[in-house]
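Here's a structure for you.
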Amino acid sequence: MTMLDRRLHAYRPDLAEACLEGKVEATRFVSGTPARVCVPVIGLRPQPDLARGIDTELLFGEDVTVFDRADGWCWVKATSDGYVGYLPEDAIAEAATAPTHIVLPQRTFLYPEPELRKPYKTVLSMGSRVHISGETEARGNHYLVLGDGTAIFAKHLQPLGALDGQDYVDIAARFLETPYLWGGRSGLGMDCSGLIQLALQMTGRSAPRDTDMQAAGLGEPIERSDVRRGDLVFWKGHVAIFEDPETIIHANGHTMTVARENFEAAVKRIGWLYEQPTGYRRPF
């Protein structure tokens, strides 16, 4: 039977997603049930074990398909990019009302009520999705209110789709100085490909999650001589965005942050570990 990428195809000897029937061997095949992430940010792991490193992260309000629940874990597939892995079961809930708005800044606070002097309940990352049921003014500030009465400063939210078509390089630059985190894709920490994916998603465009996936199929290949703002450069296991033909922005393990760097200087610095760039691509 065909061997598929376990990151993008849900299959185990005992269970597989229904669309893989006839392509993989499994005891049974299921379509899965919808659910939604109900915690601020949660790591998606290759195994149901908190000691395992994360492959990626899912944000508040993002949708998943659940294939299995066992021992406090659920085996899921993310709707946004198709990534498969395990989440703690208490990180998801029934997908009820559809999200209406998306968090715009790197991070924002969710208050128990429309009052910024109240202790906040939690912090939500850029890209988190919420359902807004009302709005109100309090002490001269405008808030949008969720169904449970919690509130977010109105300027920190945008209706879904309102950012479509904007410059994703500007979005990526908002994360400068954000800590590097392997597998991260939130305002609390991110890796190189997570930065690309989240910045593009915030402008209404989809992107694969991992560097090898982006290098193989995101947009179209170009030559170094054709590079312009928004193009990507790849090394083996690394990716960066061109802010202009001579400057890149990337989440990297050298500064352990999202940083701006001269491209040629980065090539020299990175070369001893990752060799020379393997290619250049224009996302769209």
Side-chain angles (χ1 to χ4, degrees), residues 37 40-41 56-63 78-82 98-110 123-132 135 142-144 152-178 184-211 213-215 217-222 226-234 239-251 257-261 263 280-284:
V37 176
V41 59
T56 184
E57 291 179 320
L58 300 181
L59 306 177
F60 187 90
E62 292 192 316
D63 290 327
T79 300
S80 62
D81 60 12
T100 59
H101 288 68
I102 192 166
V103 173
L104 182 59
Q106 300 98 314
R107 297 165 295 278
T108 193
F109 297 109
L110 179 68
V123 179
L124 298 181
S125 167
M126 178 192 289
S128 299
R129 298 162 183 258
V130 296
H131 176 85
I132 296 301
E135 56 185 305
H142 186 198
Y143 296 89
L144 297 181
I152 297 174
F153 193 54
K155 289 183 179 179
H156 288 185
L157 295 173
Q158 285 282 343
L160 287 173
L163 295 175
D164 289 4
Q166 292 196 23
D167 182 4
Y168 92 99
V169 183
D170 284 339
I171 302 292
R174 296 181 191 177
F175 289 104
L176 287 169
E177 303 300 329
T178 299
R185 59 177 288 270
S186 83
L188 301 177
M190 54 179 45
D191 63 19
C192 60
S193 54
L195 173 65
I196 308 299
Q197 186 191 57
L198 183 56
L200 283 169
Q201 287 176 340
M202 288 298 296
T203 62
R205 292 174 282 183
S206 61
R209 175 58 181 92
D210 291 340
T211 303
M213 300 175 186
Q214 294 174 359
L218 180 55
E220 60 183 8
I222 58 171
D226 296 327
V227 161
R228 67 189 188 200
R229 179 180 175 86
D231 291 337
L232 302 174
V233 55
F234 293 89
V239 60
I241 309 167
F242 279 99
E243 188 174 33
D244 60 52
E246 303 303 328
T247 310
I248 57 173
I249 295 174
H250 58 154
T257 63
V258 177
R260 179 182 283 118
E261 189 171 4
F263 172 63
Y280 304 85
R281 298 188 75 91
R282 181 160 298 152
F284 299 95

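Sequence positions, counted from 1, serve as the residue numbers for this chain. Just so you know, these numbers come straight off a predicted model, no measurement behind them. All values below come from the heavy atoms of this structure, side chains included, with hydrogens, waters and symmetry mates left out.
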Subject >> Pairwise side-chain contact, Lys155 with His142, heavy-atom cut-off 4.5 Å (strictly under) >> reply: no
Pairwise side-chain contact, Leu163 with Leu104, heavy-atom cut-off 4.5 Å (strictly under):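 Answer yes - side chains close enough.
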Discussion item. Please check: side-chain N/O of Gln158 versus main-chain N/O of Ile102, any donor-acceptor pairing under 3.5 Å?
Written reply: no
* So how far is it from Asp231 CG to Glu220 CD, rounded to the nearest 0.5 Å? ->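 Going from CG on Asp231 over to CD on Glu220, the span is 9.0 Å.
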Worksheet item: Cys192 and Ala251: which non-hydrogen atoms are nearest, and at how many Å?
Response: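 Smallest interatomic distance, heavy atoms only, reads CB-O, 3.4 Å.
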Taken to the nearest 0.5 Å, the spacing of Ser206 OG from Phe284 CZ works out to 5.0 Å
Quick one: do Thr100 and Leu157 satisfy side-chain contact (heavy atoms from CB on, under 4.5 Å)? Show the steps, please. CA-CA 10 Å; Thr100 59; Leu157 295 173; over 6 Å; no
Check: Any side-chain heavy atom of Leu144 sitting closer than 4.5 Å to one from Phe153?
Finding: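 Result no, sub-4.5 Å side-chain heavy-atom pair not found.
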Here the pair of heavy atoms bringing Pro208 nearest to Met213 is CB-CB, 3.4 Å
Minimal heavy-atom distance between His131 and Ala98, with the atoms involved, is ND1-O, 2.8 Å
Requested in this report: Begin from the C-alpha positions of Leu195 and Ile249 and carry the test side-chain contact (heavy atoms from CB on, under 4.5 Å) through to its verdict.
Outcome: CA-CA 9 Å; Leu195 173 65; Ile249 295 174; 4.2 Å; yes
So OG1 of Thr56 and CE of Met190: to nearest 0.5 Å the spacing works out to 10.0 Å
Minimum heavy-atom separation for Thr178 and Gly187, please, with both atom names.
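Closest heavy-atom pair between Thr178 and Gly187: CG2-O, 3.7 Å.
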Paired with Arg229, the side chain to side chain donor-acceptor pair (under 3.5 Å) test is passed by just one of Asp244, Thr247, Asp170, namely Asp170
Interatomic distance, OH@Tyr280 vs CD1@Ile222, rounded to 0.5 Å, equals 9.0 Å
Taking Ser128 for its side chain and Val103 for its backbone only, find out whether a donor-acceptor pair lies under 3.5 Å.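 Checked: no pair found.
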- [ ] Step by step, work out the side-chain contact (heavy atoms from CB on, under 4.5 Å) result for Phe60 and Leu110.
- [x] CA-CA 12 Å; Phe60 187 90; Leu110 179 68; 5.7 Å; no
Taken in chain and number order and not counting sequence neighbours, the residues that satisfy salt bridge (Lys or Arg N to Asp or Glu O under 4.0 Å) with Asp81 are none
Query - Given Val227, Val239, Thr211, the one that forms side-chain contact (heavy atoms from CB on, under 4.5 Å) with Leu232 - result: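 Of the listed options, the one satisfying the test is Val239.
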Only one of Met126, Gln106, Arg107, Glu57 passes side-chain contact (heavy atoms from CB on, under 4.5 Å) with Ser186, and that residue is Glu57
One should read off an interatomic distance between Gln166 CD and Asp164 CG, to the nearest 0.5 angstrom, of 9.0 Å
Check your understanding: Counting only N and O atoms by type, is there a donor-acceptor contact under 3.5 Å from the side chain of Arg281 to the main-chain atoms of Ala215?
Key ->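 Yes, the answer is positive, given that a donor and an acceptor are paired below the 3.5 Å cut-off.
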Sole candidate of Arg209, His250, Arg185 that passes side chain to side chain donor-acceptor pair (under 3.5 Å) when paired with Asp191: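 The option that passes is Arg209.
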Okay, side chain of Tyr168, backbone of Gly230: is any donor-acceptor separation there less than 3.5 Å? yes
Using side-chain contact (heavy atoms from CB on, under 4.5 Å), reason through Ser125 and Leu59 one step at a time and then give a plain yes or no. CA-CA 7 Å; Ser125 167; Leu59 306 177; 4.3 Å; yes
(message) Please check: side-chain N/O of Arg205 versus main-chain N/O of Pro283, any donor-acceptor pairing under 3.5 Å?
(response)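 Checking the backbone N and O of Pro283 against the side chain of Arg205, no donor-acceptor pair under 3.5 Å is found.
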CD of Gln197 to CD of Gln214, rounded to nearest 0.5 Å, is 7.0 Å
Smallest heavy-atom separation, Leu198 atom then Gly127 atom, equals CD1-CA, 4.2 Å
